[in-house]
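Down below is the structure, laid out as structure tokens.
Atoms considered below: every heavy atom in the structure, side chains included; atoms not considered: hydrogens, waters and symmetry mates. It should be emphasised that the depicted structure is a prediction, and the values quoted were computed from it without experimental measurement.
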Amino acid sequence: MKKNIYYIYLLLGFTTMVLSNGKYLYGISAFIFPIFLLLAIENMKPLKAVLLMVLTTSIANSISFYNMLPDIGMPLLNWIPAMAGGTLALPFIVQYFTFKKSKSFSTTLILPGLYTLIDYANATFNPFGSFGVLGYSQHNFLVVAQLASIVGAVGLTFIIIWFGSVFYWMIKNRKYKSRNRYSLGFIIVTVMVLIFGGMRLYSVDMSNSYSVSGLHTLDRTVQETADLFSNFENDPEEFKVKSKENIEKVLELTRQEASNGAQVVSHGEATLVVSYEQKDSTLKRISKLADEEDIVIVTTLYVLNNPPNKHENVLYTVDNNGTIMTEHYKYGGNVFEGSVEGDRILQAADTKYGTLSGIICWDKDFPQTVNQVGDLNVDSLFIPSADWKEISPYHTIIGTFRGIENGSNVITQTVNGMSSIVDYTGRVINEMDHFTNTIWINRGQLPVKGVRTIYTYICDYVIWIVILILLYSFTQLFSNKKII
């Protein structure tokens, strides 16, 4: 039984790792799985430990993200989660050897440091964006998630994994003379994190707020929507008829929401599908409606163009006097979608409901670009999106963390996914699931003002701090010092 206990640890580590990411995102699992995986391999021979860790992390990540990637016809696409998961074995393997060399508390920093570097590389260089960042697991554990306002979602990964590494170190070093001192320090840090999170959650000022509504009209899984796109090429006259009908429906719903008290109305991604010939006239009608109803409208037009011109996926912010304040072309995933690629320079509009900005769907997966939201002092970030069932609500949660990082409310209206209205702490004001509703309208009340975050100032330096921590840890390791 004693010999089999390590396989039980491995199974528990595998299971909790699966539950910590992708379609599951159970926050507590993210803290637990490193402990079990370290316990599982501690007494294994090196080759066995390496092979089992690679196999475990690869399969776990594959299950977490099974069927979640977009169907873009890319060869070996479904193997990407397995390959990405395999890289996560490296931090555990390095930690396996370092714990055998030293009992110094500073060695507990190696596993989280390396794991965070992998998450950072994924968020920075992955063409799909920041899918898989472990920090997203804390979306329902908002007290901990508030740390993203200091270190970002990637920095949150470090905190999560460090907890597991330290807990394992305390279990295995009961007789270490400084254990109690380090343990007490770790407990104090943990309490401080919880106090900070609690204070931030309960400091939201709703004395000055505004009403916002999000809406969309199309369902990407039905033939009627497919025909709307295909008719542009195959039956232009029919396209004009169907497109005009949809435009009228969207405008009428927008007017109704204004009558219901909405001060800002947001449309989902590709809710308005128009030809290049209809683009200007549609914008004029939206501007006129904003002026007549005294509302701000955040809309996205999917503009179909004839080859060789590319289609356009573009967001506009229209002020309550009918003035177009911003124009933003989608920059995320254009290489896969084939649409015009934006310049990655975000714009902001000063309105009586705060400073507003908008990005489109896949854009939110690139935190280094979205960090401009903090620099622009954006109070509310609009993210019209279009998803699919398997990736919902994961993709919406990613947008929530962009808001926590940058101190902005986030309004995500999602075609074929989860729509949400959240304040700058990530607290859900209201949400609406496309798949369980037939009228796709989401309403909520948000504070006019967001907040400035520490992350806004240090976001470019977080990864360098992690690298310095790693260098310090390895220096301590190879100098055989036993101090922190």
Side-chain angles (χ1 to χ4, degrees), residues 30-31 34 87-88 90-92 94-95 98-99 102 104-126 129-130 132-138 141 143-169 182 185-197 200 365-375 398 401-407 426 451-479 481 483-484:
F31 287 95
T87 65
L88 298 176
L90 177 62
F92 288 95
V94 174
Q95 189 72 81
T98 55
F99 273 152
S102 172
S104 171
F105 185 77
S106 62
T107 57
T108 64
L109 298 165
I110 292 174
L111 172 61
L114 292 174
Y115 204 105
T116 303
L117 284 182
I118 292 174
D119 261 5
Y120 176 79
N122 174 40
T124 305
F125 304 112
N126 185 347
S130 58
V133 170
L134 190 64
Y136 297 148
S137 64
Q138 303 306 302
F141 198 179
V143 171
V144 175
Q146 301 313 302
L147 279 177
S149 68
I150 300 176
V151 297
V154 170
L156 192 52
T157 293
F158 184 95
I159 306 299
I160 295 167
I161 298 294
W162 191 43
F163 177 90
S165 184
V166 170
F167 201 88
Y168 171 84
W169 180 89
Y182 291 136
F186 187 72
I187 291 170
I188 291 172
V189 171
T190 302
V191 171
M192 290 175 63
V193 166
L194 297 177
I195 291 174
F196 166 77
R200 191 169 190 271
D365 298 295
F366 300 89
Q368 284 75 18
T369 302
V370 184
N371 289 346
Q372 295 173 65
V373 167
D375 296 331
I398 292 176
F401 272 86
R402 299 292 85 85
I404 298 174
E405 290 168 341
N406 294 286
V451 295
R452 294 288 279 170
T453 65
I454 294 175
Y455 182 71
T456 295
Y457 298 101
I458 70 167
C459 58
D460 295 331
Y461 305 105
V462 168
I463 197 61
W464 291 108
I465 294 171
V466 172
I467 290 172
L468 288 174
I469 290 172
L470 271 174
L471 290 174
Y472 166 78
S473 302
F474 280 113
T475 300
Q476 292 294 311
L477 177 68
F478 290 108
S479 65
K481 290 183 179 181
I483 60 174
I484 190 169

So, Gln95 versus Thr98: side-chain donor-acceptor pair below 3.5 Å or not?
yes

Would you say that more than 12 heavy atoms from the other residues, nucleotides or ligands in this model lie under 6.0 Å from the CZ of Phe474, or not?
yes

Under the side-chain contact (heavy atoms from CB on, under 4.5 Å) test against Val373, which residue among Asp375, Val370, Asn371 passes?
Val370

Applying side chain to side chain contact (heavy atoms under 4.5 Å, CB included) to Ile398 and Asp365, what does each step give before you reach the verdict?
CA-CA 7 Å; Ile398 292 176; Asp365 298 295; 3.2 Å; yes

Is the Phe186 to Phe163 ring centre distance short of 6.0 Å?
yes

Separation of Phe92 CZ from Ile110 CD1 (nearest 0.5 Å):
13.5 Å

Do the non-hydrogen side-chain atoms of Phe158 and Val151 ever get within less than 4.5 Å of each other?
no

To check you understand the geometry: which heavy-atom pair defines the closest contact between Pro367 and Glu405, and what is its length?
CB-OE1, 4.4 Å

Closest approach of Asn406 and Gly374, non-hydrogen atoms and distance?
OD1-N, 3.3 Å

Ile161 and Pro112 have their tightest heavy-atom pair at CG2-CA, 3.5 Å

Tell me which one of Tyr168, Tyr182, Tyr472, Phe99 satisfies ring pair (Phe, Tyr, Trp, His ring centres under 6.0 Å) with Phe105.
Tyr182

Let me confirm one number: the CG-CG distance from Leu114 to Leu90, rounded to the nearest 0.5 Å.
6.0 Å

Heavy-atom pair of closest approach, residues Ala123 and Gln368
O-OE1, 3.6 Å

Tell me, do Val462 and Tyr455 make a side-chain contact under 4.5 Å, heavy atoms counted?
yes

State the OH-OG1 distance between Tyr457 and Thr453, to the nearest 0.5 angstrom.
8.0 Å

Heavy atoms of other groups near Ile454 CD1, more than 12 under 6.0 Å:
no

Audit row: Ile463, Leu117, side chain to side chain contact (heavy atoms under 4.5 Å, CB included) steps and yes/no:
CA-CA 7 Å; Ile463 197 61; Leu117 284 182; 3.5 Å; yes

Could you measure the distance from the CG atom of Leu194 to the CG atom of Leu147? Nearest 0.5 Å is fine.
9.0 Å

Between the side chain of Ser137 and the main-chain N/O of Leu134, is any donor-acceptor distance below 3.5 Å?
yes

Name all pairs fulfilling the side-chain hydrogen bond (donor to acceptor under 3.5 Å, both in side chains) condition that reach into residues 114-123, sequence neighbours left out, sorted by first residue then second.
Asp119-Thr157, Asn122-Asn126

Mind listing the closest non-hydrogen atom pair of Thr108 and Ser165 along with its distance?
O-OG, 2.9 Å

Counting distance only, does the side-chain N/O of Gln138 pair as donor-acceptor with the main-chain N or O of Gly135 below 3.5 Å?
no

Smallest separation among heavy atoms of Arg402 and Ser130, with atom names:
NH1-OG, 3.8 Å

Separation between CD1 (Ile150) and CG (Leu156), nearest 0.5 Å, reads 10.5 Å

Short side-chain donor-acceptor distance under 3.5 Å, Ser102 and Ser104:
no

CD1 on Ile467 to OH on Tyr461, rounded to 0.5 Å
14.0 Å

